[in-house]
Structure formats: C-alpha cells, structure tokens
Amino acid sequence: MKEIEKAYEPKKYEDKIYSAWEKSGFFSPDKLKDEPYSIMMPPPNVTGVLHLGHALENSLMDVMARYQRLRGKKVLLLPGTDHAAVATQAKVEKLLMEKGIKNPRQELGREKLLAEVRKYAEGSKKTILSQIRKMGTSCDWSRLAYTFDEDRNKAVNVIFKKMYDDGLIYRGFKAINWSTKGQSTLSDDEIVYKERKAKFYTFKYSKDFPITIATTRPETKLGDTAVAVNPKDPRYKKYIGKTFDIDFVGQKLKLKVIADRGVDIKLGTGALGVTPAHSLVDYEMGVKNDLEMVQVIGEDGKMTLEAGKFAGMSVEKAREEIVKKLKKAGLLKKEEEIDQNVGTSDRFGDIVEVLPKTQWFVAVNKKIPGRNKTLKELMKEAVGKTGVQITPKRFEKIYFNWINNLRDWCISRQIYWGHRIPVWYKDDKIKISDKSPGKGWTQDTDTLDTWFSSGLWTFSTLGWPLTKVIFVRHGQAEGNARGILDGHNDTEWNGLTEKGTKQVLKITGEIKKYGAVKIFSSPIKRTKETAEIIAKELGVEIEFDERIREIGVGKFQGESGDGFTKARTEFYNGGKNGYKIESLEDLEKRAVSFLKDLNKEYAGKTVIVVSHGDPIAYMSGIAEFSKKKIPGDYPPTGSYIIRGIGNNGEVNEDLEEFYPTNWMQMGHEILFFWMARMILMSEYALKEIPFKDVYIHGMLRDEKGNKFSKSAGNNIDPLDVIKEYGTDALRFSLLSGVAPGQDQRFYYEKVTGARNLVNKLWNISRYIMTQKQSSPSSRASAKRESRDLTLADRWIMSKFNNLIVGVTEDFDNFRFSQAGEKLREFTWNDFADWYLEISKIEGGKEKILKDILEKLLILWHPFIPFVTEAIWTDILGKKDLIVAEWPSSFPPLSKGRLGGVLNDFEKIKNIITKIRNLRAENKIEAGKIINIEIISKDEKLFKDNLEIIEGLSKSKTTLKKSASATRIKLLAEKQDKEKNKICFQKELEEKEKYLAVLNKKLSNKEFVAKAPKQVVDAEKEKQKKTEEEVKNIKEQLKSV
RNA sequence: GGACGCAUAGCUCAGUUGGUUAGAGCGUUACAUUGACAUUGUAAAGGUCCGUGGUUCGAAUCCACGUGCGUCCACCA
C-alpha cells in the first residue's frame, strides 16, 4: 500500500474527484434505476457570484440528492441559473453609470444595452456554474437550464397564451407601483418598506368644505376625487353621497363623499381624501364607487399638467408649496411627526410612486374556465394536508396569510432584460404570438416580471410544454394476417380485418380519457380506416400527413418471409444495394420534421398519431435505432404507446417520470416571490403541485448575527473558505447545529471543527487500513481471533445498528443537523475513542473494523462527499461510493440481547472512567500502572473484560465478588486522602439528592396510579440502582 | 394593527409526539503526547432552560399573561 498522508488534503482530491464523478455518469438519472427522485435547484441569479447562502443551498440539495441516490433512487438534481430580469439590468446599468454612461437606456438603446447585460450575465453564469461544481453538487449537467433560454422562452409564451385565452391575463389601465429611478412598474412583492419620519398634516381642503382630513402626502390631494368616511360615523353620515366643488390651494376639485367600511373612525379625523390614481387602496375604492382618476404625478416623478400651477415641480417641492399655502389660508389644523413605512423599490432603491398606467396583469380572483376555481383558490388548496408539505410547518400560515392579501399580479415591466411580452398590435387589433403575425404588426415593448418565468421552473426544465402523443398502430390488416410485407403503397390486402376493427374500437375506448384534440394519420388505407374509426368515436378531426406513412419497401412490397428480413436489412443499410428502399435516415428526416411541427402547434395538448410499425417504433423511441440493428420491438397492430414529444421532436419522458418533483429547499425570504408562483403556475398548467415537500432554511448571518451584504462589507466568498478548509468542512459546518427555518450564524470556529472531524475520519480509515494484520499488545488476543465476538464487538455493532436506523430516520424527516450530530458522536466517541482503542488491546478485529468503516463512509457520504470518496477509492481501493448500497442494519444481533449488551458495556466504560478519574484526582503520572481492587456483584462481567479495563485505565486489577454494587480501591498508592474524601462526599451528595427526588416521585400515589407502567418501572429501577450506589459510596468513604 | 419566530452553559446552538440527574461544538481548567490523528488523548468545572401564573401524576417542551430581541404581512389615510 502506498503512503497515505497524515492529514487529509482537500485540495489534492476535490477537483479530481468531481470530474471522476461527472465521468461516471451517476449524476444523471439516466444511468440509474428504480424509483425516480427529483430536486430542482433554485436557479441562482446571474447578478454576480455565489455567496455563502448559495453554499448552504447547494449543501442542502446535495445532501438530499446523495442520500436518495444511496438509497437506490433514480435521482435527478437539475441545475440552472436565473436571468433575474430587473436585478441583472439594474446591476449592469449601475456598472455602466459608474463607467460614465449617465443614462444607459437612452444612450445605448435597447439592443446595445441588452448586449451589455447579456455579456455580463454570461460571465456571471460561467462563474456560478463553476462554483456549484466546487461545492460538490451532484447535479445532472446534461439537463442544465436557464430561465432565459429558448426552451424556457417557449414555455413562457405558451403559458402566456393559455392564460390570455382563459381570460386570466388581461391588459388594464390601473394604478400600479412605479419606480421613477428604474422607469418601470413593480409587483407588490418587489416593494421593501422602510421606516422613516414623516409629517402628518391635518387640514381642510377649503373653507367651505365641511370635512377635515389628514395625510402625509398633501401633493397627491390635487388628484383627489372623493373623501371617504366610515358609514357608521355620525359626524359625517349626512354628507355621504354628496358632491362638492371646491377650491384646494387654487386647484378645482370635485369631491364626492363616499362611505367605506375600511375607514377607521378613530384614526386621524376619521375621514380621508381618496386619490384613486396614486394609491392602490384608493384605486380599489375608486373602482367600487366609480370615481375618476386624476393623475397628478408623472412617470418622471414630477407633478403633471393636471396639477395646475404645481406642474413640473418635484413631489417634495409641491408638498412644501401646498403646505405653505394651507398655512397661509389658515386651513392647516395640525402638523405632527409620525413614523411611517414608505415603500421603496427592492432593486432601484427609490421611493415607489403609485400611478395609473396600462399594464398586463394576472387575475387571481377570476374563475378559470372549466375549473370553476380562481388561481387564488388553487394556490390555497395546493398547500397543506394532501398537497405541498412545508417544513417547518409554521410557514404554511405565513403563506396563507399572503394569499389572502394577494391582488392581481402586474407582470409587465418596462425594462429590456427579460422575456418580451408575446403580444402584437396592429391598429386596434391584438394578437398573442411568439413571432410577428405579419406586416404592420408591432410587438409590445415590455418584458415580463422575472418571477413569471421562475414560476415555471419546476416543469419548464423537464421539457414542458410537451405534446402528449398517443401513437396508434393501425389495426390488423389483410396483409398483417397473411404475413405479407406492406410498404407505403395501397394494395388490395390493405384494409382492416374484422379483428383489426375490433382492436381499434377497443383502444379507442381506452384512449378516450386523454382528451386528444386532433388525430394525425398516415394516408395509407389501413391507417386511414383506423383513424376514421377513432375520429368517429371521439368526434375529433383527422389530418393526413405523408410524413408518418410506412416506409417504402421498394421491390419487397408484397413479399413475405425471406423478403421481409431482406427489406429490414436494407432499410438499415440505407438502401445501398439498389433496391430503392427507404432508409432509416429518410424516415428520421420526415418523422422528426413532423414531430417538430406537432410540438410547435400542439405544445401542452394531446394528439393521436395513427401510423405504422416502423415509424412508430422510431418516433416513440421503443427501438434502439442508433445501434442500427433491426429492432425487435414493434408495437403490435391495434396497440398504442403514449409519449411526450419535446421541442426538438424528441421523446421526453422526464415530465412523466419526475413530476411532481419530490423535494425543494429555499430560503423563507423567497416564499412569496417564488414558491407561491411555482404553485400557481404548476396548478394552473399541469393541475399538479410542483413539489411534494418544501424545506425552508434560515438566512445565513455573520458571526455577530448581521446580515451579509455588500454595503456592510462582511461578505464571505465560499471559495475562500473551501480553499482553506475544504468543501466537506464548509458543507458540514453549514448543515450542523441548525434548525429548519431558523437563521444561522457563520463563524470560522465551526468550520475548523468540521475540518477536524473530516480529518479524524481520514485518520480512522488510515489506521484501520494500514494496521498490520493483528498486532496484539497482550497475551490473550492471539487466541481470540477465532473466538466469538467480545462484549465490545457486540456493543459497537449494536451502537452502529442504532446509528443506521437513527440517521436514516433523520434523513427521511429532513433532520440533517441531527443526522450529522449522530454520525459525529458515533464516529468520534464510540468508534474512535472507545472501540478503536479496545481493538488495540483485544486484537483480531480487522474484519469488523473494516465492515463498519465501509458502511460508515456510506452514511457520511451525503454530508462530506469528497473525503469519503477519497477514502473509499484511495484507501479502501473500492469503486462507486456514490451509488453504494445504503446499509439497512448491522449486523444481525437479536433484539433481546441488545439492551443487555449496551448496559453491560456502559458498566465497563464507567469503571474505566472512574479509574481514570481516580488517577487524575491523585495526580498519578500518566504512564504508571496502578494497582486497583474492584469489589462488585458484576465481578464476572469485569473478569471477562479485564483486559480492556486494565489496558484502558493502565492498571493491574484484582476482582472481588460482593453482593452490593461496584467499589473501587486504589491499592498501595499514597493517596490524597482529603481530596478523595471531598470527591466522594460530593458524589454522595449528588446521589442522595437524586435519590430523594426519586423517592418523592415514587411515594406520590397519583404518579404511581396515573403514569404509564413503563415509566413507573423505569423510575423504580433507577431508585434501586441509586440506593445501591449511595450505600456503596458510603462504604468507600469509610475506607478512605 | 395582525401574524410569526427567538430567549437553554462564557460563546454559537441542538433538544421530533410532555416522562434525562437538560445535551453538543467551541472556549476554560488540570494532566498527557515521537507509531492513526496536536486538525490528538484523558479527566474536570460550568445551567433558576427569560419572568409570572395555569393545565398535568409529571413542563425546557402545552396554555395564558408579561419583558427583551428579531422577522413577515397589512386598506399604517
């Protein structure tokens, strides 16, 4: 065996191991079998590099993916990135501005700016992907996706059209959130509220208006069209319904007094000015009361012409002026300072104005045609009992709370970077299309909210929108019955037989439920007849298409037997022998062209394709055409195969196989942005939940508990941590000592601890594998090799068995931290500190040690993949740890003996610890062998394990049988009597106190009567034991 | 205004459905160390589980109220 380094050196292994993993193919589910298990990576924004939060996410996903893979699942962990529309454009614009381009949008124009953003995004993407690799994430790179690539764009366009057709996406002139700095709309969720001081003005619009109102924004009052009061308010009842023409600081206003139950009688003056154009709440009141909208603030953040003489002023300036005028006119009643939450743009940072604008919205309160439910209702139903499970559960409440407050979602943005809204205009006509419908049409200039495409992530990554195709092979024809080879020509033996007709009727009944919208058929007689039967039964239209006809068999037409084989051979040889037979390539060409067209037109829908043996075998992928062997698998006549057909005409089984996804992890800050939208889109498009389980993790903070942020300058690059401590150490430190949903602090001591642990495991392995065959340190061990298992053996096996069960349970319940804790405890304490030390004494344990080590590495692998792999291959010389078999139990110990073994071994451990303790208390030098006498009723147990006791406590021990519990005597040593006495007294005190507690408990009649019997018995047991111990210590005390 | 979370050893945090003499890691103290590992070993010290009530045979755990910190949401005019 080659030399193994004393310490594990991550740098030497990690990159090498990662590329070996990639090469192995096990990152892809295509090489795995059995039950599918899927996790979608939350795609990081291409706004920069990954931070520690991403490192945490990668660790979480990967620990789960690897665990499931080891459990034998067919795991898909799908990687990707997010174009992050506003975030990315805002970032690039900022960079450009720093370079001196004052207004990038104006100066560069759409195309040039887009090119800049794309360049930045691509660079960022590259960095991010390499960082994900560094984290050891075992994702399937062959399925890498990007929210802004072609396939995802198609998904966006398809769903946009579907929602538009269903009336769920509409265009409307409404009050929306506007970022002046970003020159774009924002959804309600993109607003960050910041607390600030504001002046709260109480005033009258004019002398002749009877109601006093209060506001922090007098300038918006120029756009007021109503005053709202509570219908129950006696002060204002008489005015409700009346309209007043008034003069407000020189501006003519027409104010209607309206009643609204939402108005708080006690707040302010109990009346408020309603500005439908500049407040979302007022807007809703406006809709209810049919109020006019007067826009006094413009998109540039300045007062509009509607604001009369204030036009052109900034909002702040107008406010100042108005207050001045009110004061002068004696209309200002009160001016007080209050704390106010002001909405700001999360990406641009400026204060968000509300103003009216024509935008695109998703209607959340409108019934979906044919489903009699609103999107909001779908979202509500999807979470909880039978739907999505959220860990920890409390986030369900937060989710529902959000849903209840949900308004229509504004999805159009005025920025350039993002999916262009697939809407075209010509005069007053509107068309939804991904490309120009023709001359004179212009596309909407807006782009979509980034969360619109993120919402599709769980299924747009799996090939959606697929066309569901039911490939039907025609029913039995004359030719089939007679064994005659039929090409694509119509011949006299081409019609369906009676049996054929029956076959078709039968399958028609079966495929009815899929709701196909169209039948495509080969025009040849046997398929035509088949298609017609189906069409009649289902009432669906047929379209004949030459591209799915049977292959041309040239001169073999009408042959049977031998000709059949010849024709097939020729088909795969590409018709080289001059028979003029169609080749596989020919078929491929026309079939793929057909399927591509199909997917363009019927994405998201189901169609029936009636065709023949060869084309169906090819199109459905049941035969291995690539190997150019004559396919053995044919669909029999009158049978059908259902397949999803993807963008490139390929068979796509991913959606079928991996949806809904099994598990998703995310931070709580993204719950509404993302989780809610994914649920919305998935329930709407697929009528399914996007994932079965969501695991919410907390936010990472720095060692002081502050958020990581650029401005605070406390950012930590995960790569720096990896460089110094290794990926495994970083991963384990992020996953241990945390509870789901709870924020966690990152500090280096924790990483060091994890690094030490990794190294410990390395050295345990090194020791076990480099041990010379049996080097017993004492006399008896040579004999033992062939003997039965010792107590220590049985103990470690029981412990290990418990570990397997416990860790498995923890993983299954997403208790990663606890699984890690258990593993650490076993590895370091039980296995290394006790068992390994015992093995040095008892000897002959090579096999047990190796067995446990191997299985232990498997248990550890999800957490610390690199070091376990390094040990597995380099030290153990084994292969493919990544798909090793997760241990179920180890080894077969009868349950009855288990408890006894653990108990007995505890006694041994106790004795050893006590002796060590005695040594320390009496300051006996470490190497010295001391003489001990143990007097105990467990004398036999100690005798059987005397070697261990003596070896681990460095003592020479004599045993004496007694009826009572265990006593230890230190012989022939000058003992520190006083100290010993104090020691014993202290112990005695403790024990007596405990005994008193037990006595009290057991003398409580109610306890004995009402507590479960097990509990009472356990307490009695403890009482008995403690009584003995007390007696014992008392005796020892005497002898000191 | 509503909701949620946190408060456990000097520090950072675990603690699944109420049944332990309340745990871990780091730190601290003492001792040890050239054969797996100083990224180590052995031993020890260290807690009124925020407070007050309640439910219960039994509460760190459930309930109510209070205190301090944090987060989210909202028609905060």
Side-chain angles (χ1 to χ4, degrees), chain A residues 4 6-8 193 200 213-217 228 260-264 267-275 279-282 284-285 338-341 392 394-395 397-398 401-402 404-405 668-669 671-672 698-699 703 705 725 729 733 736-739 741-745 747 749-750 752-771 809-810 813 815 817-818 821 824-825 832-833 836-837 840 913 916-921 923-927 952-953 990-991 993-995 997-998 1001 1004-1012 1014-1016 1018-1019 1022 1026:
Chain A
I4 304 163
K6 273 187 139 183
Y8 169 62
Y193 288 96
F200 189 52
I213 61 148
T215 184
T216 53
R217 303 205 52 188
D260 194 288
R261 271 175 304 160
V263 178
D264 188 341
L267 196 60
T269 62
L272 62 122
V274 181
T275 328
S279 154
L280 294 179
V281 181
D282 293 5
E284 273 160 29
M285 276 190 219
I338 60 160
D339 289 320
Q340 186 204 25
N341 274 336
R394 66 185 142 93
F395 285 99
K397 270 190 202 164
I398 298 177
N401 181 267
W402 178 82
N404 287 335
N405 291 313
H668 53 68
E669 73 279 3
L671 209 68
F672 311 130
M699 248 182 17
E703 57 192 343
Y725 300 90
S733 72
S736 55
V738 295
Q742 216 61 30
D743 288 355
Q744 53 180 308
R745 295 185 195 198
Y747 48 102
E749 287 84 348
K750 212 168 160 188
T752 312
R755 194 259 329 257
N756 294 355
L757 171 74
V758 165
N759 190 57
K760 186 77 186 181
L761 187 61
W762 173 265
N763 271 295
I764 289 169
S765 313
R766 184 158 84 105
Y767 173 73
I768 291 175
M769 299 314 289
T770 56
Q771 255 310 79
E809 233 179 70
D810 284 343
N813 291 290
R815 297 188 299 245
S817 184
Q818 286 175 64
E821 212 38 64
R824 188 199 157 90
E825 160 85 17
D833 289 346
L836 229 51
E837 290 309 315
K840 291 176 189 171
T913 308
R916 285 168 172 173
N917 195 347
L918 268 179
R919 298 180 68 107
E921 291 298 338
K923 304 237 183 256
I924 297 165
E925 51 188 291
L952 294 183
S953 66
E990 266 171 32
K991 293 284 176 193
K993 221 162 103 189
Y994 181 39
L995 188 60
V997 170
L998 289 172
K1001 213 177 203 178
N1004 183 340
K1005 273 179 208 154
E1006 278 188 295
F1007 171 73
V1008 179
K1010 288 185 182 169
Q1014 298 154 269
V1015 177
V1016 178
E1019 295 297 306
K1022 283 182 210 160
T1026 317

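Below, chains carry the letters A, B, ... as their sequence lines are ordered, and counting in each starts from 1.
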### Under 3.5 Å on both distances, the Watson-Crick or G-U partner of B/A9
none
Provide a list of protein-nucleic acid N or O atom pairs under 3.5 angstrom, restricted to nucleotides 5-9 of chain B.
residue : atom : partner  : partner atom : Å
B/G5    : O2'  : A/Gln742 : NE2          : 3.0

### Task
Just name whichever nucleotide pairs with B/U40, Watson-Crick or G-U, keeping both distances under 3.5 Å, else none.
B/A32
#### Entry: Any A/Asn917 side-chain N or O less than 4.0 Å from OP1/OP2 of B/A44
yes
#### Entry: Identity of whatever pairs with B/A77 - Watson-Crick or G-U, under 3.5 angstrom
none
### Query
Any sub-3.5 Å donor-acceptor pair from A/Asn763's side-chain atoms to A/Lys6's backbone N or O?
yes
### Task
Rounded to whole angstrom, note down the P distance from B/U29 over to B/C72.
41 Å
### Message
Let's test this: given Watson-Crick or G-U wobble pairing with both distances under 3.5 Å, identify the partner of B/A3.
### Response
B/U71
### Task
Using side chain to side chain contact (heavy atoms under 4.5 Å, CB included) as the criterion, list what pairs up with A/Lys1022, not counting sequence neighbours.
A/Tyr994, A/Leu998, A/Glu1019
### Task
Give the B/S/- string for nucleotides 19-25 of chain B, one per nucleotide from 5' to 3', where a protein heavy atom under 4.0 Å of the base yields B, of only the sugar-phosphate yields S, and otherwise -.
BSB--SS
### Query
Is there a donor and acceptor pair closer than 3.5 Å between the side chain of A/Arg815 and the base of B/U16?
yes
### Query
What residues form a salt bridge (charged side-chain N to carboxylate O under 4.0 Å, His left out) with A/Lys991, not counting sequence neighbours?
A/Glu1029
### Task
May I ask you to say what A/Lys760 touches in the nucleic acid, namely base, sugar-phosphate or nothing, with a heavy-atom cut-off under 4.0 Å?
base
### Query
Do A/Lys840 and B/A36 share a donor-acceptor pair, side chain to base, under 3.5 Å?
yes
### Task
Work out which heavy atom in A/Gly737 is nearest to a heavy atom in A/Ser817; give both atom names and the distance.
N-OG, 2.8 Å
### Message
Please name the nucleotide paired to B/G51 by Watson-Crick or G-U wobble geometry with both distances under 3.5 Å, or report none.
### Response
B/C65
### Message
What's A/Ile213 touching, base or sugar-phosphate or nothing? Going by heavy atoms closer than 4.0 Å.
### Response
nothing
### Task
Would you classify A/Arg745 as touching base, sugar-phosphate or nothing, given that sugar-phosphate means primed atoms plus P, OP1 and OP2, and contacts are heavy atoms under 4.0 Å?
sugar-phosphate
### Query
Looking at residues at least two apart in the chain, or sitting in another chain, which of them share a ring pair (Phe, Tyr, Trp, His ring centres under 6.0 Å) with A/Phe672?
A/Trp402
### Task
Could you tell me whether A/Thr752 contacts a base, only the sugar-phosphate backbone, or nothing, with contacts defined as non-hydrogen atoms closer than 4.0 Å?
nothing
### Along RNA chain B (nearest heavy atom to each residue), the more 5'-positioned of A/Val738 and A/Val758
A/Val738
### Query
Below 4.0 angstrom from OP1 or OP2 of B/U39, is there any side-chain N or O of A/Arg755?
no
### Query
Above 12 or not: heavy atoms from other molecules or residues under 6.0 Å from CD of A/Glu703?
no
### Message
I'd like to know if the side chain of A/Ser953 and the backbone of A/Arg916 have a donor-acceptor N/O pair within less than 3.5 Å.
### Response
no
## Note on the structure
Taking for A/Thr913 and for A/Asn759 the nucleotide of RNA chain B with the nearest heavy atom, the one nearer the 5' end belongs to A/Asn759
### Task
Spell out protein contact along nucleotides 69-77 of chain B as letters: B when the base is contacted, S when just the sugar-phosphate is, - when no protein heavy atom is under 4.0 Å; keep the 5' to 3' order.
---SSBSBB
### Query
Can you tell me how far C1' of B/A43 sits from CZ of A/Arg916, to the nearest Å?
9 Å
